[in-house]
Amino acid sequence: MPKSLTRISLALKIRLLFGLALLGVIAAALAMPWYFTNVLFEQSLEGPARELTRLRLLEWQSAHTKNLKEAYAKSNVANLYTEKPEADKPETLDPLPTVGHREGPIVRSFTGLKPDDNTLDRRTRKAWAFFLDHSNIDIRCVRTKNEKGQRIYRGFRAIRCTADCFGCHHEKHPNKDLRFYRGKLVGVVDVTLPQNTTAQTNLRWTRGAILVGGLIAGLLATVVFSILINRIILRPVRKLNRLTNKVAEGDLNARCSLSTGDEFQHLGNSFNDMLIAIQDQHVRLQAASEALELRMEDLSRKNTALFEANQMKTEFLANVSHELRTPLNSIIGFADLLAGREDSKVARYGGNIATASKNLLNMINDMLDLAKMEAGKATVRFDAVSPLDTAQNIVTLMAPLAQKKDIELKTEIDPDLPIIQSDGGKLQQILFNLMSNAVKFTPPGGTVILSAQFGLHPNGERNDTILYSVIDTGPGISEADQTHIFEKFYQAEGVLTKEATGTGLGLAISRELAGLLGGRLGLHSTGGEGSTFTLIIPLSTDSK
């Protein structure tokens with residue numbers, strides 16, 4: 001849905017909220033006078049009802065002792081007030097209200113009746129029950145409707161037995177229904193006050209005036225509020241909105257010029273301070289960016305030079321190493337011949353030369369391998385390899401050196417290991433480096449174990465890897481040395497030459513080779529408790 005259809009402006013929100021709040025305030029303000037006008041109107045009816053019923057009661061009391069029927073039928077008060085219908089019907093005892101004309105005060109006797117008697121209308125029965133429950137109240141006015149649906153008001157006055165009544169209505173009266181006691185409710189005077197005889201019209205005019213006054217007050221409040229809101233709130237907000245749009249378009253030189261003397265001016269000043277800070281920061285960032293670009297160009301040139309120098313170094317090492325291998329092989333060959341002479345002195349010298357030459361050749365081979373890997377020229381040929389045969393070959397190669405140092409070699413190889421897809425030469429080179437280090441650093445009488453097992457998940461199930469472990473009982477590797485042990489040219493305690501000769505490239509080369517095979521090399525060691533090097537190799541190139 002487009003944003004223009006769902007977006008509501010601040011001005012519209014304020015007008016809507018103010019309109020709802022104004023309606024609520026006006027309704028609450030008019031509810032009280034509306035209610036009290038109705039209450040006052042109903043109370044104003046009590047006066048006429050009280051006076052008419054009092055006059056009728058006095059008239060009836062003075063006449064009923066002489067002629068009861070005449071007391072019911074003739075009434076000067078009723079004649080003054082009542083408009084007779086077209087068919088003039090004689091009034092009988094306890095007549096019901098005549099619909100369609102104004103009915104004067106009627107005396108209704110309860111003698112021989114009960115409060116729930118159906119001969120009485122509902123309003124009369126309710127008045128009877130009310131006067132029974134409230135013996136201290138003699139007058140009651142209620143609002144109702146006649147049979148034509150016109151609103152009328154009926155007034156009831158209670159007729160109670162007094163001391164003057166006991167002259168006739170004593171306890172020995174032959175009619176039990178006419179035996180009264182003081183305060184007994186014996187009847188009511190019922191007067192109907194139709195709408196056209198009351199102040200209903202005035203009530204309507206009063207309510208209309210209240211509604212019109214509320215409407216005028218609401219309109220005036222809306223106009224005044226709209227003017228004030230537009231000048232005090234909306235106009236500064238629009239200026240700030242235009243300013244933010246300019247800043248969003250990239251104009252950092254725009255400034256707020258509000259001078260309202262209130263929070264909007266303070267907000268504008270803060271916005272100006274923020275723009276100044278942003279502009280200063282932008283200038284500094286631009287200068288820093290330019291300096292950074294210059295620095296990056298300089299670093300790029302230096303990086304290119306370093307890369308070229310590293311390439312030259314790698315090619316130089318590869319060429320020199322390759323050229324040194326041929327004369328070294330010749331030296332080793334002649335040294336072996338000298339070592340086989342019968343002259344013990346010559347044989348000893350020849351053996352020393354052969355040993356030194358072989359060590360130098362191993363160093364050159366390591367440097368050549370490292371140079372190839374750094375140059376990205378190391379190739380990997382994946383083929384079918386037997387982990388069992390590879391492990392046994394390594395143990396066979398290391399047996400003479402282990403026997404010479406009186407070190408016991410053990411193997412723990414799972415016979416169920418399958419044929420894997422890997423580079424057999426590089427796998428053998430890794431294991432050879434690990435085994436030679438283990439034999440080299442394990443003291444006489446120690447043990448070196450070569451283990452080959454299936455790799456396991458944390459839940460103990462087999463995964464698609466083979467785990468080689470080389471375990472020795474040597475001096476172990478400290479925690480400080482473990483963080484650097486796989487670095488190039490690093491040896492324990494940072495010494496390049498020790499009692500055990502080496503270049504410190506064996507583990508670095510082994511880690512690079514493990515990465516080429518899709519595996520990884522790890523170490524677990526505790527000082528004085530030996531070391532365990534682990535090599536994890538995938539079963540195939542698909543499981544790497």
Side-chain angles (χ1 to χ4, degrees), residues 41-61 63-64 68-75 77-85 89-162 165 169 175-181 183-198 200:
F41 170 73
E42 292 182 356
Q43 289 180 351
S44 66
L45 298 178
E46 186 176 334
R50 182 184 295 275
E51 185 63 21
L52 287 172
T53 55
R54 185 183 68 83
L55 292 174
R56 181 70 178 99
L57 178 61
L58 292 176
E59 185 183 49
W60 181 80
Q61 286 177 345
H64 88 284
L68 184 61
K69 185 175 182 179
E70 185 178 349
Y72 279 112
K74 293 183 179 181
S75 172
V77 176
N79 291 332
L80 290 174
Y81 179 68
T82 303
E83 293 180 358
K84 294 293 183 179
K89 296 186 297 183
E91 190 170 354
T92 60
L93 292 178
D94 297 342
L96 295 176
T98 302
V99 180
H101 70 287
R102 286 163 37 179
E103 190 64 58
I106 301 170
V107 177
R108 299 182 183 276
S109 174
F110 293 160
T111 304
L113 300 179
K114 296 182 179 180
D116 57 351
D117 201 311
N118 290 330
T119 59
L120 301 175
D121 63 277
R122 182 172 61 89
R123 290 294 179 183
T124 305
R125 292 197 302 270
K126 293 185 69 174
W128 189 354
F130 177 81
F131 290 137
L132 287 176
D133 294 335
H134 302 80
S135 59
N136 58 333
I137 298 178
D138 292 333
I139 193 73
R140 175 175 173 80
C141 292
V142 295
R143 182 175 60 180
T144 183
K145 291 183 179 180
N146 58 19
E147 294 181 356
K148 292 184 178 181
Q150 298 173 340
R151 179 174 294 179
I152 59 174
Y153 289 86
R154 293 178 65 180
F156 296 92
R157 173 180 285 275
I159 302 176
R160 303 182 188 276
C161 182
T162 62
C165 301
H169 300 282
N175 189 349
K176 294 182 179 180
D177 293 334
L178 298 179
R179 297 176 184 176
F180 299 158
Y181 56 87
K184 181 180 179 180
L185 182 64
V186 296
V188 294
V189 180
D190 179 5
V191 60
T192 301
L193 303 175
Q195 180 177 348
N196 57 358
T197 61
T198 64
Q200 184 72 19

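Both backbone and side-chain heavy atoms feed into the values below; hydrogens, waters and symmetry mates do not. Keep in mind that what you see is a predicted model, and the values were worked out from it rather than measured.
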Please lay out, stage by stage, how Val191 and Arg56 fare under the test side chain to side chain contact (heavy atoms under 4.5 Å, CB included).
-> CA-CA 10 Å; Val191 60; Arg56 181 70 178 99; over 6 Å; no
Here the gap from Lys184 atom NZ to Leu132 atom CG, rounded to the nearest 0.5 Å, amounts to 10.5 Å
Rounded to the nearest 0.5 Å, how far apart are CZ of Arg108 and CG of Leu120?
-> 7.0 Å
For Cys141 and Gly155 the tightest heavy-atom approach is SG-CA, 4.2 Å
Walk me through it: do Asp190 and Phe156 pass the test side chain to side chain contact (heavy atoms under 4.5 Å, CB included)?
-> CA-CA 5 Å; Asp190 179 5; Phe156 296 92; 3.5 Å; yes
Going by the salt bridge (charged side-chain N to carboxylate O under 4.0 Å, His left out) test, which pairs reach into residues 126-141, not counting sequence neighbours?
-> Asp138-Arg160
State the CZ-CG distance between Arg54 and Leu58, to the nearest 0.5 angstrom.
-> 5.5 Å
Between Ala158 and Leu185, which heavy-atom pair has the shortest distance, and what is it?
-> CB-CD1, 3.7 Å
Residue list, side-chain contact (heavy atoms from CB on, under 4.5 Å) with Leu57, at least two apart or on another chain | Trp60, Gln61, Arg157, Ile159, Val189
Applying salt bridge (charged side-chain N to carboxylate O under 4.0 Å, His left out), name anything that partners Arg50, two or more places apart in sequence or on another chain.
-> Glu46
